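Step one of this worksheet: look at the structure below.
Each chain gets a letter, A, B and so on, in the order the sequences are listed, and its residues count up from 1. Small disclaimer: the values here were computed from a predicted structure and weren't measured.
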Number of protein chains: 2
Amino acid sequence: MGASRPTMVDIARAAGVSTALVSIVMRGVPGASDTTRARVLAVADELGYVPDQRARKLRQRRSRVLGVCFGLRHAFHGDLVEQLYVAAADRGLDLALSATAPGRHETAAAQALLRERPEALILLGPTLSDEALDDLAARVPVVALARSTAANVSAVISDERAGIDAAIAHLVGLGHSDIAHVDGAHAPGSDERRTAFRDAARRANLTGSRVLTGGLTEVDGIRAARELLDGPLLPTAVVAFNDVCAVGVLEELRRSGVAVPGDVSVVGFDDSSIARLAHIDLTTVAQDVPGLASGGVAAAAALASGEPSRRVVLDPHLVVRSTTGPASGHQPGDAT
Amino acid sequence: MGASRPTMVDIARAAGVSTALVSIVMRGVPGASDTTRARVLAVADELGYVPDQRARKLRQRRSRVLGVCFGLRHAFHGDLVEQLYVAAADRGLDLALSATAPGRHETAAAQALLRERPEALILLGPTLSDEALDDLAARVPVVALARSTAANVSAVISDERAGIDAAIAHLVGLGHSDIAHVDGAHAPGSDERRTAFRDAARRANLTGSRVLTGGLTEVDGIRAARELLDGPLLPTAVVAFNDVCAVGVLEELRRSGVAVPGDVSVVGFDDSSIARLAHIDLTTVAQDVPGLASGGVAAAAALASGEPSRRVVLDPHLVVRSTTGPASGHQPGDAT
DNA sequence: ACGTGCTACTAGAACGTACTAGTTGATGAG
DNA sequence: CTCATCAACTAGTACGTTCTAGTAGCACGT
């Protein structure tokens, strides 16, 4: 309690060696005999020595740190960070985390990270404008994860089109031809998915296909479902922009007496934890989280060593759960 | 791209002053004239200078950093971290985040933080044993947030008893007398809540009260609900250990044709995001998140300045939503 | 004896900042 | 005029580590 934490100097003195040798031992690099190594480690352990990361990183030419900006409100980001830890460890890199939240803007989070001198920044689903991304990229290598952008940064993303295609193929295989898409309104990625949906619908000759304005939240899904329910003809399947929106659709349909998947099938996007809830058990398009993470770290490492920015596109896959089933012949007509 | 990031030396040279003065300006402390200050800031901005946090923290006597260990899988931790940022900023403290996840144990996360030389560690709902907490506390001041412990660390927790009492009072006020508690099995806090439930039930003379083994997950709630449904007499209200478990109960009841809150009322605990989902809209006991956060930071700061460990207990409050209502007279008997 | 190569180790200079202990020049009191 | 006071500024060291450039000692071949 009294004295502050021990330093290399304390260990060196106690073990009767130089600080340089302590450094060698602590880093586990060659240059010390086995006996000395053991002795130094024993002393360090006894004194409760922990290397000072700040001094370490300051001295090293490369910081070997990747800054990660993630949203506390996004469960999906949690999954990504988890895998980023794994991917970074594989390359001997450390992660510095900075969270985004209402009240803590992305730029503030990124600025905090810059002070740690990371070799690169990995931004999870950044909402920054291309311009802001470019500004940031002028200061430090930047990787945008799970967000497509025109900015001059590396991007590792899922193939939205492939995801939508998989969903449609699944539904068509079940006999659906009247499929609605509840889009993400102005959310990033919404345009891609909407276009992909329209293209897939055209290709599959889905005469009854249509697109509704949705959004990111459950309420958006509820609103869209109401619109469908109030319309003349209920589709036999709905592909929502994301899981949360899909849940909104799902619950509003059920509340109105429409059976899912009996009358209408529902597909989400993201395979977030909400989709896995036992009572929801949503069929959804899952992004390749480990792939995104390792791709992100790889891209960051590449940028840090001077390579040009790259764009990696990964294939998502469909997770079939219990909200999709064979197309029903009849329409529930006047459901409310 | 070629040259590395600018340092104070570069700014000093460009502005024609000493590095010491640059330091003064960057910290915003008195000791520079307004004109010089403006000039230095202008130069710094132009060169894209960002102070090096590592060097800063290394030099300062106090690091002014709090280490925070949180679980990526726990939405509630996200809420806490969000408020911790606010509380820390109020005191001019920085946060160093280290995440816990399956595959990244709490001790590893804490060890990583230790290398950053934080003034104290704030552990969110730590699952470490009292012994492990004591070990850690021997190296650095430790605050356990939202977890009661016998270890010699500071703790900032919610009054589980008061939370349960509020839930029971609410239900009793609605005319319920046959209330079941689905507990958290071996989860931390489960004992407290179970005991509080039994005490409150006795005090309120709830003859029909009973306790079922539950758990942390939705499946645990589903299992408990099945047990209730298969039993001779359905209670008129259920108080679950947490929100996720409550949702399991809720959905299983509804799936079996039991109306909530028509036939049975359901109360959760935590006010996690799942409780706020539009279609769930769960009545639940909300912890005082901003209070926990500022209490945690205050406790950490106190420990860091040598004060003895403390124990702060905060009152939770009930958030009444739509899963609770007046006790129904009849029993739905053969629901399936 | 001499160099050569190797292992085990060490002295001391960085890294980029904060901070202590000044120095300078202007102002004002006596 | 002298001295104290103050604001504005600077020189130089310290923080705890890594890294460069060594040195000491030993074994070995010639």
* May I ask you to evaluate whether B/Ser33 reaches the phosphate of D/dC9, defined as a side-chain N or O under 4.0 Å from OP1 or OP2? => yes

* Angle between terminal axes - the helix from C/dA1-D/dT30 to C/dG30-D/dC1, 5 pairs each end, rounded to 10° -> 60°

Shorter than 3.5 Å, N or O on both sides, protein versus nucleotides 15-22 of chain D: list them out with atom names.
residue	atom	partner	partner atom	Å
D/dT17	OP1	A/Tyr49	OH	2.5
D/dT17	OP1	A/Asp52	N	3.2
D/dT17	OP2	A/Met8	N	2.5
D/dT18	OP1	A/Arg56	NE	2.8
D/dT18	OP2	A/Ser23	OG	2.6
D/dT18	O2	A/Arg59	NE	2.7
D/dT18	O2	A/Arg59	NH2	3.2
D/dC19	OP2	A/Arg27	NH1	2.6

* Structure fact -> Here the pair of heavy atoms bringing B/Leu303 nearest to B/Pro141 is CB-CB, 3.6 Å

* Any donor-acceptor N/O pair, B/Arg64 side chain to B/Arg91 backbone, under 3.5 Å -> yes

* Could you tell me whether B/Arg13 atom CZ has more than 12 heavy atoms of other residues or ligands within 6.0 Å of it? => no

* To do: State whether B/Arg5 and B/Asp52 are salt-bridged, where the test is any N-O pair (Lys NZ or Arg NE/NH1/NH2 against Asp/Glu carboxylate O) under 4.0 Å.
  => no

* To do: Please determine which of B/Leu113, B/Leu136, B/Val143, B/Thr100 meets the side chain to side chain contact (heavy atoms under 4.5 Å, CB included) test together with B/Leu123.
  => B/Leu136

* Structure fact -> With a 4.0 Å cut-off (strictly under) to non-hydrogen atoms of chain B, the first and last hit nts on DNA chain C, 5' to 3', are C/dG16 to C/dC19

* Asked: Using a distance-only test with no angle check, is there a side-chain donor-acceptor pair under 3.5 angstrom linking B/Ser273 and A/Arg73?
  -> no

* Looking just at side-chain N and O atoms, do B/Gln287 and B/Asp271 make a donor-acceptor pair shorter than 3.5 Å? -> no

* Would you call A/Lys57 and A/Asp94 a salt bridge, taking side-chain N to carboxylate O under 4.0 Å as the test? -> yes

* For B/Pro126 and B/Arg147, which heavy atoms make the closest approach, and how far apart are they? -> O-NE, 2.5 Å

* Asked: Roughly how far apart are A/Gln60 CD and A/Arg117 CZ, rounded to 0.5 Å?
  -> 15.0 Å

